[in-house]
K.L.:
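Here's a structure for you.
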There are 2 protein chains.
Amino acid sequence: MKILLVEDHPNLASNLFEYFEPKGFRLDWARNGVHGVELAKNQSYDLIILDVMLPKLDGFGVCNKIRNELALDTPIIFLTAKSMLPDKVLGLELGGDDYLVKPFQLRELESRINSVMRRYRKIEAQSSIVVEDLIIDRNICKVFRDNIPLVLPPTAYKILCLLGINKHRVTTFQEIEDYIWGDDIPQSSSLRTHIHTLRTIIDKPFNKALIHTVSRVGLKVGYDD
Amino acid sequence: MKILLVEDHPNLASNLFEYFEPKGFRLDWARNGVHGVELAKNQSYDLIILDVMLPKLDGFGVCNKIRNELALDTPIIFLTAKSMLPDKVLGLELGGDDYLVKPFQLRELESRINSVMRRYRKIEAQSSIVVEDLIIDRNICKVFRDNIPLVLPPTAYKILCLLGINKHRVTTFQEIEDYIWGDDIPQSSSLRTHIHTLRTIIDKPFNKALIHTVSRVGLKVGYDD
DNA sequence: AGTTTGCGTTAAGAAAGCGTTAAGATGGCG
DNA sequence: CGCCATCTTAACGCTTTCTTAACGCAAACT
């Protein structure tokens, strides 16, 4: 995690260094806006922490240059004493991802960094569920095993999704029924049939079974444990 | 923009409705945590605004269920009177995207919503959308395929825009209906007919189909994957 | 050993999903 | 007022998908 800190107060800057470096973050420090833009241009950062009141070029100007001239979409967190509404709004509308008012606690900043980064990463690598050689891409509602695309009927697909979500544990039959049908559950033979359909498609054509029954309890995906 | 508001204070809820509905946001209101989870499961939202202190299931519990049991990564903004640090940290670490302390100004919430959404749906900001050989120019409301200009009726055009915005994923029928008609949705046969119109114009004259149905779920644009 | 229970398997009918078409309803505009 | 584009509704039929019921088999009980 490489962070660019643009901040003119040496005290605050050194506090941040002391807090974040031991946690494995790597920080670069720019003490004015122009220097900040320069670094953003030449290095590549995972996140930028930006004070608003800065010598030479203020934080809004830096943000603007980064977004429009450099066309970078690196997450930006504003960090400032200005708590007035118009400033917050301006910062966020200019392309900032968060706006934290001084004084703040470092722990909160850390959480907000984590939150922003989590979001940023998730967008890069879309949310799909991976179980061994099985991939469930819930964005496009498609399933692959061994990179071979498999076609599932809707209900079988839903069951598989639920199993994937709970891949670390057994999903009970009861949970599956609730998840699929809600209040209007058909006879239990229906679920049995759907599970059979699911197995026929994702297990039969392959060597190792991925779906395992835990008698009287439910199902679990994954290779045998 | 469809937002789920989980909040037990009718006053605040109605303030939010008054502020955001005229701006074109569509809000659903859940007045307790359990109802909130229920709605999140059955509908699809662009954003969830979550109070922390709620009857039945508190905001942290709701967030937890949404992230872990439903495995949805819909952005969540916490909204609460609790300004204590541990709460903020918990909210953000549980998978929240932002944490706003009451009392707050609606304008700030709006900015934060915009900021979160900008990240989440990058494409919405752009005015023209490109999908394979299809170009949707939303400035001039015109569509080209293979550089051939195509003329679409308004509703079909709207549907195509939505599919384009979500080109990386399946757009549910439900989302399409919400997007086009809002609260006053006609019978489902109407949507079927519009989709047929759309296909007749942008797929029929060409070799490869761009619009694909995902049974019981929705539509996706793009060549087969 | 016989019976029960849980669950895999199969086949068949019922229901639902959706593409397609045509006909009426609506609303803007000359 | 009437034309035209557009939207909505209804009907049809092909498919896919769901549900049910029946059977088999193995493990667990009596």
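Please read these numbers as outputs of a predicted model, since none were measured by experiment. When reading the values below, keep in mind they use all heavy atoms of this one structure, side chains included, and skip hydrogens, waters and symmetry mates.
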K.L.:
Looking only at the side chains, is there a donor atom on one of Ser111(B) and Glu108(B) sitting less than 3.5 Å from an acceptor on the other?
P.N.:
no

K.L.:
Atom CD of Gln174(A) and atom P of dC7(C): how far apart are they, to the nearest Å?
P.N.:
13 Å

K.L.:
Just verifying a value: how many Å separate Glu21(B) CD and Ile3(B) CD1, rounded to the nearest 0.5 Å?
P.N.:
9.5 Å

K.L.:
Quiz question: by atom type and distance under 3.5 Å, do the side chains of Asn166(A) and Thr171(A) form a donor-acceptor pair?
P.N.:
yes

K.L.:
Would you tell me whether Glu175(B) and Thr172(B) have side-chain atoms, one donor and one acceptor, within less than 3.5 Å of each other?
P.N.:
yes

K.L.:
Relative to the 5' end of DNA chain D, which residue comes earlier, Pro186(A) or Gln187(B), by the nucleotide with the nearest heavy atom?
P.N.:
Gln187(B)

K.L.:
Could you list where the contact with chain A starts and ends along DNA chain D, reading 5' to 3', using a 4.0 Å heavy-atom cut-off?
P.N.:
dT17(D) to dA22(D)

K.L.:
Could you check whether Thr213(A) and Arg199(A), counting side-chain N and O atoms only, form a donor-acceptor pair closer than 3.5 Å?
P.N.:
yes

K.L.:
Using heavy atoms and a sub-4.0 Å distance, could you list which residues of residues 190-214 of chain A are near DNA chain D? By number, please.
P.N.:
Ser190(A), Arg192(A), Thr193(A), His194(A)

K.L.:
Using a 4.0 Å heavy-atom cut-off, does Phe173(A) contact any base of the nucleic acid, only the sugar-phosphate backbone, or nothing at all?
P.N.:
sugar-phosphate

K.L.:
Please tell me whether Thr74(A) and Arg67(A) have a donor and an acceptor in their side chains that are separated by less than 3.5 angstrom.
P.N.:
no

K.L.:
Just checking, is any N or O donor in the side chain of Tyr120(A) or Asp73(A) under 3.5 Å from an acceptor N or O on the other one?
P.N.:
yes

K.L.:
When rounded to the nearest 0.5 angstrom, what is the spacing between SG in Cys161(A) and OH in Tyr179(A)?
P.N.:
6.0 Å

K.L.:
Which part of the nucleic acid, if any, lies within reach of Ser189(A) when heavy atoms closer than 4.0 Å are counted: base, sugar-phosphate only, or nothing?
P.N.:
base

